[in-house]
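On a predicted model such as this, the values are computed, not experimentally measured, just so you know. To find a chain, count down the sequence lines: A is the first, B the second, and so on, and within it residues start at 1.
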Amino acid sequence: MMNLLRLLGGRTASAPVARERLQILLAHERGLRGQPDLLGLLRAEILAVVSRHVVLDPEKVIVRMDRGKNVSTLEVDIEVPHAFERSLAVAAT
Amino acid sequence: MAKVLVVTSGKGGVGKTTSTAALGAALAQLGEKVVVIDFDVGLRNLDLVLGAERRVVFDLINVVQGVAKLPQALIRDKRLENLWLLPASQTRDKDSLTDEGVRGVITELRTKFDWILCDSPAGIERGAMLAMRYADEAVIVTNPEVSSVRDSDRIIGMLDSKTVKAEKGERVEKHVLITRYDSGRAARGEMLSIDDILEILATPLLGIIPESQDVLRASNVGSPVTLNNATSAPARAYFDAARRLMGDTVTMMIPVERKGLMNRLLGRRAA
């Protein structure tokens, strides 16, 4: 009965979607194998550069990546302490 | 010439231990002398699936640390005189396994057995790495499901780089064993097909084990499915896989569960 309903309902097969997602993901992951952890490296170096000028909480530096079909983005979110905000304001005047 | 075979997968719950027990038993039933080693330190289960859980005295860690000699730790199967088990430790820390210790055990077993089957723990940590470390061949157990296929791909990459064979520039012979396969669901496009999986993993197929209630029934009673119900669809598939490991050419078939008419009408699945 369930099978009959499914046939009548015309639900599309999900296996081709699974295959395509796997092919794209694995092509990417195989390329990364044996490579250094790029995100970790970026996070550490950005942290080192900014830390030269500002006292930072390493936990407050967040690096995010989103791989899209046409555009990929790298988002770096650094929370600065209040003391730094004040010195920025002084520098601006 | 002894062969060391690792049964691995990356992902947990896909049927590594069940397959190690079934392939080990099938090889023994075909006349080979087999030892199966449980590498899942702290979470041993091969003893339970083989029905030997009440006979464990010493384990792999005891042998590695020199507390027991290998013959003291080996448990001979009560039904198959060619089948032996080297259980994992249930209480020790998984870090008690050392590369050197494992090498010593495998080297000694090589002189006494035709087949040494290493049942890998899930994951890619120490236990899994040591289970594959000295392998000549590998069976990668894969379910027709995205997360299992992804993890299998990762494990294949490790077999090609982290094993002693790979480090010597040789190749570990790899085979994919597809378990929990439901040909009906694959035909309806609800499940990755055999061709999809083989194309993605680019690794030869050892066998296709159908989803079946016989597998659960066998582990319930502590008997490998090839022994508990030798004519069932999964048992026949494991026997074929064992013959292929021994070098025979066996036509690949997708074993079908014999379903009753009512079950078929209701589309009820085995399990």
Any pair counted as salt bridge (charged side-chain N to carboxylate O under 4.0 Å, His left out), so long as it reaches residues 131-140 of chain B, sequence neighbours left out:
B:Lys3-B:Glu137, B:Asp99-B:Arg133, B:Arg110-B:Asp136, B:Arg133-B:Glu167
Of all heavy-atom pairs between B:Gly189 and A:Pro16, which one has the smallest distance, and what is that distance?
O-CD, 4.3 Å
Step through the shown structure and confirm whether more than 12 heavy atoms of other residues, nucleotides or ligands are within 6.0 Å of CD on B:Glu125.
no
Are there over 12 heavy-atom neighbours, none belonging to B:Glu100, within less than 6.0 Å of that residue's CD?
no
Could you pull out all residues at least two apart from B:Ser120 that satisfy side chain to side chain donor-acceptor pair (under 3.5 Å)?
none
When rounded to the nearest 0.5 Å, the distance separating CZ of B:Arg185 from OG of A:Ser14 is 8.5 Å
Taking heavy atoms only and a threshold strictly under 4.5 Å, list by residue number the residues of residues 152-160 of chain B that touch chain A; give 'none' if the list is empty.
B:Asp153, B:Arg154, B:Gly157
I'd like a table of donor-acceptor pairs (distance under 3.5 Å, sequence neighbours excluded) in which one partner is a side-chain atom from residues 18-25 of chain A, with atom names and distances.
residue : atom : partner  : partner atom : Å
A:Arg19 : NH1  : B:Asp196 : OD1          : 2.9
A:Gln23 : NE2  : B:Glu199 : OE2          : 3.2

